[in-house]
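Within every chain, numbering begins at 1; the chains are lettered A, B, ... in the order of the sequence lines, protein sequences first and strands thereafter.
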Number of protein chains: 2
Amino acid sequence: MQIGEFSELSGVSIKTLRYYEEVGLLPAPNRTKSGYRDYSNQLLGRLQFIKNAKAVGFSLREIREILFYRERGEIPCSHVNSLLQKHFEECQRKIRELEEAKDTILVLITRAKRLKPADCNAESICHLV
Amino acid sequence: MQIGEFSELSGVSIKTLRYYEEVGLLPAPNRTKSGYRDYSNQLLGRLQFIKNAKAVGFSLREIREILFYRERGEIPCSHVNSLLQKHFEECQRKIRELEEAKDTILVLITRAKRLKPADCNAESICHLV
DNA sequence: CTTGACTCTCCATTTACTGGAGGGTTTATA
DNA sequence: TATAAACCCTCCAGTAAATGGAGAGTCAAG
């Protein structure tokens, strides 16, 4: 199938598919005699793997590494395990940061309701922040 | 004071200070006759504002806009208010996403404990993900 | 007078794409 | 047969927010 259909099926944009190919996440597909990419259904699995891995926070570089393990016939389990651990901690850290930011914003919004623009003074850049 | 000291005091790296100047977040400071930047304490306030705004998720572009309002003598309150609203929602959205990712990772880690590498098969790229 | 710690500018790189220019191909319709 | 719409191609540039490094100038101490 050509790239448009493949993009529809996989939910990955045409631009991104070509990009993934360029950076080595997807193998170069066959071409029709006019040069169009001709994808096989098989690749959908690989793309799903990439999407799953991305969803848990893996970078494209990390995903490519896992794929390379596979291609060399090695089993990436322990590597993947430590990545999972790392991203779990990363997730927690980011969530904490965001919770803090959210709380701060809430305070600012609440304070903003009590203030009138007339209270603005030139000294502070913006007293809301 | 020169850039190194200013960087220490503000907690913003030298590189970043020069970058902020380049993109218009900081005014170009005076220079010594040998061309070194010569910062005044005054700028610390502006930098603190930038750090606060960044901490609640404002982009540098948004921060610059607020600063520009100020420089034109306008009061950016309602603008800032809508930005706060926007970033509050953004925060919530990101937190939800991260919670989901975290849960997924937990499931994967738990599953990984039950599996032995021997269970790996070639069909799936990595059954952990 | 030289060594080390500063500083300067300019350029390249990072991530994960996205947008656009300029052009070829295929298919349906007039 | 012409042509228009809807595909597809490659290549180049740009995004955000810095960071890293090269190569060179400056300043203070020993």
| Taking five pairs at each end of the helix from C/dC1-D/dG30 to C/dA30-D/dT1, what angle separates the two helix axes (nearest 10°)? | 30°
| D/dT26 P sits how many Å from B/Asp38 CG, rounded? | 17 Å
| So which heavy atom on B/Phe49 is nearest to which on B/Ile63, and how close? | CE2-CG2, 4.0 Å
| said: Between A/Arg31 and B/Lys33, which residue's closest nucleotide on DNA chain D lies nearer the 5′ terminus? | reply: A/Arg31
| request: Please assess B/Glu99 against B/Lys102 for the test salt bridge (charged side-chain N to carboxylate O under 4.0 Å, His left out), listing each intermediate value before the final yes or no. | output: CA-CA 5 Å; B/Glu99 294 284 8; B/Lys102 201 181 77 173; 3.8 Å; yes
| field | Atom pair distance, as rounded to whole Å: CZ in B/Arg37 and C1' in D/dC27 | value | 17 Å
| Atom CD of B/Glu22 to atom P of D/dT19: distance rounded to whole Å? | 13 Å
| task | Between A/Tyr20 and B/Ile3, name the one whose nearest nucleotide on DNA chain C is closer to the 5' end. | result | B/Ile3
| task | Could you check A/Arg61 against A/Tyr36 and say which one's nearest nucleotide on DNA chain C is further toward the 5' end? | result | A/Arg61
| field | Separation of D/dC8 P from A/Leu17 CG (nearest whole Å) | value | 10 Å
| said: Is it true that, when you exclude B/Arg93 itself, more than 12 heavy atoms of the residues, nucleotides or ligands shown sit nearer than 6.0 Å to its CZ? | reply: yes
| request: Check each residue of residues 5-13 of chain A for a non-hydrogen atom within less than 4.0 Å of any atom in DNA chain D, then write out the ones that pass by number, or none. | output: none
| Set of residues satisfying ring-ring contact (aromatic ring centres under 6.0 Å, His included) with respect to A/Phe6, sequence neighbours excluded | A/Tyr39
| note | Correct closest heavy-atom pair for A/His79 and A/Ile66 would be CD2-CG1, 4.4 Å
| message | Heavy atoms from C-beta onward define the side chain here; which of D/dA18, D/dC27, D/dC9 lies closest to that of B/Tyr19? | response | D/dA18
| task | Could you tell me whether B/Thr32 contacts a base, only the sugar-phosphate backbone, or nothing, with contacts defined as non-hydrogen atoms closer than 4.0 Å? | result | nothing
| message | Going 5' to 3' along DNA chain C, between which two nucleotides do contacts with chain A fall, using a heavy-atom cut-off of 4.0 Å? | response | C/dT15 to C/dT26
| task | Start with the C-alpha distance between A/Asn52 and A/Gln48, add both sets of side-chain angles, then the distance that settles side chain to side chain donor-acceptor pair (under 3.5 Å), and finish with yes or no. | result | CA-CA 6 Å; A/Asn52 291 344; A/Gln48 191 56 54; 3.1 Å; yes
| query | When the distance from CE of A/Met1 to P of D/dC8 is rounded to whole Å, what number comes out? | reply | 12 Å
| Has A/Glu100 got more than 12 heavy atoms of other residues, nucleotides or ligands less than 6.0 Å from its CD? | no
| query | A/Glu8 versus A/Met1: any side-chain heavy-atom pair under 4.5 Å? | reply | no
| field | Members besides B/Leu98 in its Ile/Leu/Val/Met/Phe/Trp/Tyr cluster (side-chain heavy atoms under 4.5 Å) | value | A/Ile95, A/Leu98, B/Ile95
| request: Tell me, yes or no, whether the heavy-atom count around B/Glu71 atom CD, taken from other residues, nucleotides or ligands under 6.0 Å, exceeds 12. | output: yes
Mind listing the side-chain donor-acceptor pairs of residues 19-31 of chain B below 3.5 Å, one per line with the distance, residues two or more places apart or on another chain?
unit_1, atom_1, unit_2, atom_2, d
B/Glu21, OE1, B/Arg37, NE, 2.7
B/Arg31, NH1, B/Gly35, O, 2.8

| said: Could you check whether any side-chain heavy atom of A/Lys54 comes within less than 4.5 Å of a side-chain heavy atom of A/Lys51, counting everything from C-beta outward? | reply: no
| request: For B/Lys15 and for B/Leu60, locate the closest nucleotide of DNA chain D by heavy-atom distance; then report the residue assigned to the nucleotide nearer the 5' terminus. | output: B/Leu60
| said: Any base atoms under 4.0 Å from A/Arg18, or only sugar-phosphate, or nothing? Heavy atoms, all strands. | reply: base
